[in-house]
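Some notes on the structure that comes next.
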Protein chains: 2
Amino acid sequence: MQLALATAGLVPALNAGPVPVARLRPDGAETGARRRFEAEEEIYAEGDRVIHFYKVVSGAVRTYRLLSDGRRQIDGFHLPGDIFGLEAGTERRTGADAVIDTTLTAYRRNDRDALTDEVGALAQEVVAAMLRALERAQDHMMLLGRKSAKERVASFLLALAERAGTEGLIALPMSRADIADHLGLTIESVSRTLTQLERDGVIALQAQRRSVVVQDMPALRRLDG
Amino acid sequence: MQLALATAGLVPALNAGPVPVARLRPDGAETGARRRFEAEEEIYAEGDRVIHFYKVVSGAVRTYRLLSDGRRQIDGFHLPGDIFGLEAGTERRTGADAVIDTTLTAYRRNDRDALTDEVGALAQEVVAAMLRALERAQDHMMLLGRKSAKERVASFLLALAERAGTEGLIALPMSRADIADHLGLTIESVSRTLTQLERDGVIALQAQRRSVVVQDMPALRRLDG
DNA sequence: CGCCTCATTGAATTTCGTCAAATGTGGTGG
DNA sequence: CCACCACATTTGACGAAATTCAATGAGGCG
């Protein structure tokens with residue numbers, strides 16, 4: 001919590017969203033730009049040495065931390081276009097898994113180090129990604145610290161809807177357990193809350209309850225805060 | 001939640017801790033390098049235009065977000081040496097107040113913009129500060145999402161102890177309400193938990209209950225997780 | 001000295017978690 | 001193609017933790 005990471009090259013868990021990261025050149029040589037992961041496959045684990053950071057091409061990734069007794073907190077889901085895996089130190093503080101079959105582009109951590117010495121737009125992009133990650137973290141702290149179960153689920157669905165950009169149909173690639181560990185709830189509470197939102201006519205659950213149609217967007221927004 | 005802040009110059013709420021930010025040159029001209037704030041005085045408000053970012057010289061600062069009904073989440077307390085006030089967009093997403101009488105050094109937001117174009121060590125420092133802020137945010141999300149009241153208070157005290165560096169005596173410059181809004185609890189729960197820790201012989205409360213002596217550090221660490 | 005704020009303490013309530021069971025779904029193999 | 005199995009999700013009953021409501025106590029300031 002207070003290591004002298006100083007001016008070390010670095011990079012934390014973050015996501016870029018609509019930030020233009022297209023100019024990031026994949027490192028083709030040593031890393032193999034593209035890497036595929038199957039559903040539930042580990043991308044890296046807490047404690048691993050930091051070598052790469054990643055951009056999601058397709059699929060979905062969760063980054064998380066664990067307590068010694070197994071409690072898990074998923075700090076974020078990373079969808080296509082998002083950057084994650086930036087880390088301050090040389091060692092992973094979070095783990096990352098593919099939620100479903102996923103394709104990533106890997107960048108060498110050193111590309112990041114070189115950044116600050118260049119006039120590159122790359123630096124701008126990565127910095128922007130970091131700042132966006134921090135904004136999301138702030139939003140999520142508000143959610144975890146001050147919102148009710150219903151508000152948490154509503155916020156989550158709204159955030160997914162915005163990110164996916166899909167008007168109407170929201171895909172839920174992750175399990176109820178993943179959602180619960182993201183929202184600071186139990187799977188039962190997530191399930192109950194979704195059921196209740198459905199009964200209230202705010203949403204409709206479809207396709208084995210793995211996707212959601214928002215039927216009353218204003219109501220959903222009102223539930224959020 | 002998804003504005004195209006793109007490559008805009010930017011800066012989020014963060015703290016630097018032990019990161020060497022000494023080289024930051026205070027902007028003496030327009031901003032007046034040093035600024036003093038009284039206890040409870042507002043430094044900036046949500047929605048304000050972003051002009052400066054700050055380093056704490058003395059005192060303590062809280063940065064927070066509000067929900068429309070008044071619920072508040074304090075995302076961090078900033079102590080001497082910490083940098084805060086970096087923001088992604090041009091508008092404040094968080095508010096900031098002095099908790100007690102406080103002295104800050106103000107830097108122009110533009111200094112940050114210039115950063116990425118230079119080979120400056122300044123860039124390194126600010127990037128390091130951002131990454132540290134993200135690490136703290138991750139720790140705090142774990143706390144808010146998965147820890148009990150007792151664990152939250154224990155974590156909080158431990159974090160304060162580490163940051164202050166004062167072995168033994170921990171000053172609590174902030175009110176119970178501030179602590180509660182940081183830990184996602186009510187003031188009553190904070191108070192009850194402190195009292196219980198005291199009864200258990202883990203800590204001793206002193207000086208109008210505004211400072212704490214850790215009497216059983218191992219026990220406190222065990223409570224944390 | 002008395003007011004005002006902050007902190008503590010107590011009792012009742014609520015929300016969410018825990019434990020348990022039923023339902024549903026997909027996959028596997030006969 | 002169908003039966004069975006493993007697992008995820010839902011639902012229900014109950015319990016625990018934290019909040020809410022309310023009152024008391026302790027200092028600081030005028």
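Chain naming here is simple, since letters A, B, ... match the order of the sequence lines and numbering starts at 1 in each. Treat the numbers as computed from the prediction; the structure is a model and nothing was measured.
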Residues within residues 194-207 of chain A bordering DNA chain C, heavy-atom distance below 4.0 Å: none

Members of residues 180-189 of chain A that approach DNA chain D, where some heavy atom sits under 4.0 Å away: A:E188

My understanding is that only residues two or more places apart in sequence, or in another chain, count here; which of them pass side-chain contact (heavy atoms from CB on, under 4.5 Å) with B:L169? B:Q206, B:S211, B:V213

Residue pairs passing the side chain to side chain donor-acceptor pair (under 3.5 Å) test with at least one member in residues 147-161 of chain B, sequence neighbours excluded, are A:R71-B:E151, B:K147-B:S155, B:K147-B:D224, B:S148-B:E151, B:S155-B:D224

For B:A60, which residues count as a side-chain contact (heavy atoms from CB on, under 4.5 Å) partner, sequence neighbours excluded? B:L79, B:V99, B:I100, B:P173

Would you please classify the geometry between the A:F37 ring and the A:Y54 ring as parallel, tilted or perpendicular, with 30° and 60° separating the classes? perpendicular

One character per nucleotide, please: for nucleotides 24-30 of chain D, 5' to 3', B when the base has a protein heavy atom closer than 4.0 Å, S when only the sugar-phosphate does, - otherwise. ---SS--

Residues forming a side-chain contact (heavy atoms from CB on, under 4.5 Å) with A:A219, sequence neighbours excluded: A:V202, A:D216, A:R222

Output all residues satisfying ring-ring contact (aromatic ring centres under 6.0 Å, His included) with A:Y64, sequence neighbours left out; order by chain, then residue number. none

Report the residues that fulfil ring-ring contact (aromatic ring centres under 6.0 Å, His included) with A:H182, sequence neighbours left out, ordered by chain and then residue number. A:F77, A:H140, A:F156

How would you list all residue pairs meeting salt bridge (charged side-chain N to carboxylate O under 4.0 Å, His left out) that involve residues 169-196 of chain A, not counting sequence neighbours? A:R62-A:D178, A:R72-A:D178, A:R72-A:D181, A:D181-B:R146

Contacts of type side chain to side chain donor-acceptor pair (under 3.5 Å), residue B:E198, not counting sequence neighbours: B:R209

A:A149: side-chain contact (heavy atoms from CB on, under 4.5 Å) partners, not counting sequence neighbours: A:L185, A:T193

